[in-house]
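These notes concern the structure reproduced below.
No experiment lies behind these values; they were computed from the predicted model shown.
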Amino acid sequence: MIRVLNTHQPDFEAQLNALLTLDTSTDESIDRSVASILADVKARGDSAVLDYTARFDRVSAASIAQLELSTSELQAALARIPQAQRSALEAAAQRVRHYHVIQKEQTCREFHYREADGTLLGQRVTALDRVGLYVPGGKAAYPSSVLMNAIPAKVAGVQELIMVVPTPDGVKNDLVLAAAAIAGVDRVFTIGGAQAVGALAYGTELIPAVDKIVGPGNAYVAAAKRRVFGTVGIDMIAGPSEILIICDGLTDPDWIAVDLFSQAEHDELAQAILLCPDARFIAQVQASIARLLPTLPRQEIITTSLKNRGALIQVQDLDEACELSNRIAPEHLEVSVSDAQALLPKLTHAGAIFLGRYTSESLGDYCAGPNHVLPTSGTARFSSPLGVYDFMKRSSLIEVSATGAHTLGHIASTLAHGEGLQAHARAAELRLKPS
């Protein structure tokens with residue numbers, strides 16, 4: 001069901017590379033279809049969005065205005081959901097908001113300083129004006145993604161947050177709409193697919209163009225986000241979900257098995273890997289997988305994921321586990337060992353690091369506080385979780401005094417002449433004090 005590897009095997013490198021290799025290239029037919037949809041939305045605006053909504057979601061409307069949900073509709077959805085779900089959403093939102101408020105205070109600070117001659121240098125931080133949030137609809141309903149994308153945007157100070165969510169056959173998900181109400185989403189349109197991405201990027205008669213588009217979606221949404229990047233910003237192009245667990249062999253093997261399941265159940269391409277130096281414990285986890293898997297509703301998806309992209313890997317020691325983890329750069333990294341803090345300095349590449357035996361990845365997905373939108377497919381080597389910084393931009397501040405213009409002018413003039421940019425040099429020279 002799941003392969004068992006050992007780093008001492010002669011062919012381990014080849015097997016590891018095969019395990020990690022995933023074709024993430026966009027299908028050419030999808031890309032062509034998306035290009036056509038985007039061009040049509042850019043040219044025809046609302047009319048094109050209405051046509052594609054009727055075609056793909058089977059929802060007919062005479063105007064985009066009929067596909068925009070009012071604030072009262074969001075509040076009604078909030079009132080309809082069971083109290084336990086409402087309380088859970090509100091508690092999760094409070095924790096996510098608290099974390100991102102602290103993040104903003106720590107990483108998005110303005111500053112300035114004056115030099116002795118009176119020149120001021122610094123940084124100004126401002127929020128994006130308008131952001132678009134794509135939320136999957138249909139079979140998938142992820143209120144947690146609404147919280148994780150919307151709350152940091154509002155904490156950052158985004159003036160207007162516009163959510164798009166497809167509602168196939170007109171079926172609206174109350175939990176998603178309730179999450180939008182709690183998170184403070186400003187406007188909601190019941191549209192989806194590449195046409196929704198195009199509407200947000202280019203603007204239509206009734207849907208305003210945004211500055212950045214965030215949120216997960218299917219292959220068509222991902223292809224559309226790739227194509228509109230440059231016209232607008234995007235968060236990332238996410239691949240299949242991943243979990244990597246480093247375990248010393250002393251955690252309950254059932255816990256490890258179910259933690260592996262927690263990512264494998266997302267889809268057949270999800271990846272779940274265990275690194276452990278104890279061969280006997282690996283066998284225990286195998287037994288737990290065989291015993292517990294039949295009890296889960298999504299066992300077919302999990303089975304395919306574990307069979308094709310999962311692995312239990314015996315390593316020499318925990319140091320080798322850390323080295324291998326850094327090489328893989330997983331989206332989610334659980335460190336299920338006696339002293340997780342001791343390993344932390346050795347772990348440099350991961351989207352999110354879950355320390356200790358009690359820290360299951362699912363807590364981070366829903367309510368711990370840090371963002372669950374994380375880099376996948378090894379991109380944690382150079383990118384970061386979604387955060388308030390993704391909804392803010394920095395402007396440099398430069399105010400040069402007369403004395404400073406004289407000092408800096410000589411430097412700038414010399415360098416400008418060296419680059420052959422005489423107008424640059426002349427602009428600096430005109431401000432030099434007479435000798």
Side-chain angles (χ1 to χ4, degrees), residues 1-24 239-264 269-290 302-357 359-361 374-382:
M1 182 183 302
I2 184 170
R3 75 195 77 189
V4 178
L5 305 177
N6 189 310
T7 57
H8 286 167
Q9 291 172 306
D11 62 344
F12 174 72
E13 285 296 319
Q15 292 199 57
L16 179 65
N17 288 336
L19 177 68
L20 299 179
T21 299
L22 176 67
D23 183 10
T24 57
S241 192
E242 307 157 352
I243 187 170
L244 186 146
I245 303 174
I246 295 175
C247 185
D248 55 10
L250 300 178
T251 306
D252 186 326
D254 284 1
W255 293 13
I256 299 300
V258 175
D259 286 359
L260 293 171
F261 295 163
S262 71
Q263 292 310 294
L269 293 177
Q271 185 157 73
I273 297 174
L274 168 66
L275 305 180
C276 178
D278 188 338
R280 186 178 64 173
F281 181 76
I282 288 177
Q284 291 173 340
V285 173
Q286 279 185 289
S288 293
I289 289 173
I302 297 172
T303 298
T304 302
S305 169
L306 295 183
K307 180 180 178 181
N308 295 337
R309 305 205 67 227
L312 309 177
I313 303 177
Q314 184 180 352
V315 294
Q316 181 177 343
D317 51 33
L318 293 180
D319 284 340
E320 186 179 42
C322 292
E323 293 173 5
L324 192 52
S325 175
N326 288 335
R327 177 176 168 185
I328 295 171
E331 178 187 18
H332 306 97
L333 170 58
E334 286 189 10
V335 187
S336 190
V337 302
S338 297
D339 188 0
Q341 289 287 344
L343 291 188
L344 187 56
K346 302 175 183 179
L347 298 167
T348 54
H349 302 314
I353 303 174
F354 302 79
L355 299 170
R357 304 191 199 283
T359 316
S360 70
E361 178 278 333
L374 304 169
T376 62
S377 305
T379 59
R381 293 176 294 109
F382 54 81

### Query
With Gln314, which residues qualify under side-chain hydrogen bond (donor to acceptor under 3.5 Å, both in side chains), at least two apart?
Asn6
### Query
By side-chain hydrogen bond (donor to acceptor under 3.5 Å, both in side chains), which residues pair with Ser338, not counting sequence neighbours?
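With neighbours one apart ignored, the set is Asp248, Arg357.
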Spell out, as yes or no, whether a donor-acceptor pair under 3.5 Å connects the side chain of [X] to the backbone of [Y].
X	Y	answer
His332	Glu361	no
Asp278	Gly249	no
Arg3	Ala311	no
Ser325	Cys322	no
Thr376	Gly239	yes
Glu242	Glu331	yes

### Query
Between Leu22 and Arg309, is any pair of side-chain heavy atoms under 4.5 Å apart?
yes
### Query
Between Ser288 and Asp254, does any side-chain donor sit less than 3.5 Å from a side-chain acceptor?
yes
### Message
Under a 3.5 Å cutoff, is there a donor and acceptor pairing between the side chains of Gln271 and Gln263?
### Response
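On atom types as modelled, these side chains do not qualify, holding no pair under 3.5 Å.
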### Query
Does any pair with a residue in residues 313-324 pass salt bridge (Lys or Arg N to Asp or Glu O under 4.0 Å), and if so which ones, sequence neighbours excluded?
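Counting only pairs at least two positions apart or across chains, the salt bridge (Lys or Arg N to Asp or Glu O under 4.0 Å) contacts touching residues 313-324 are Asp319-Lys346.
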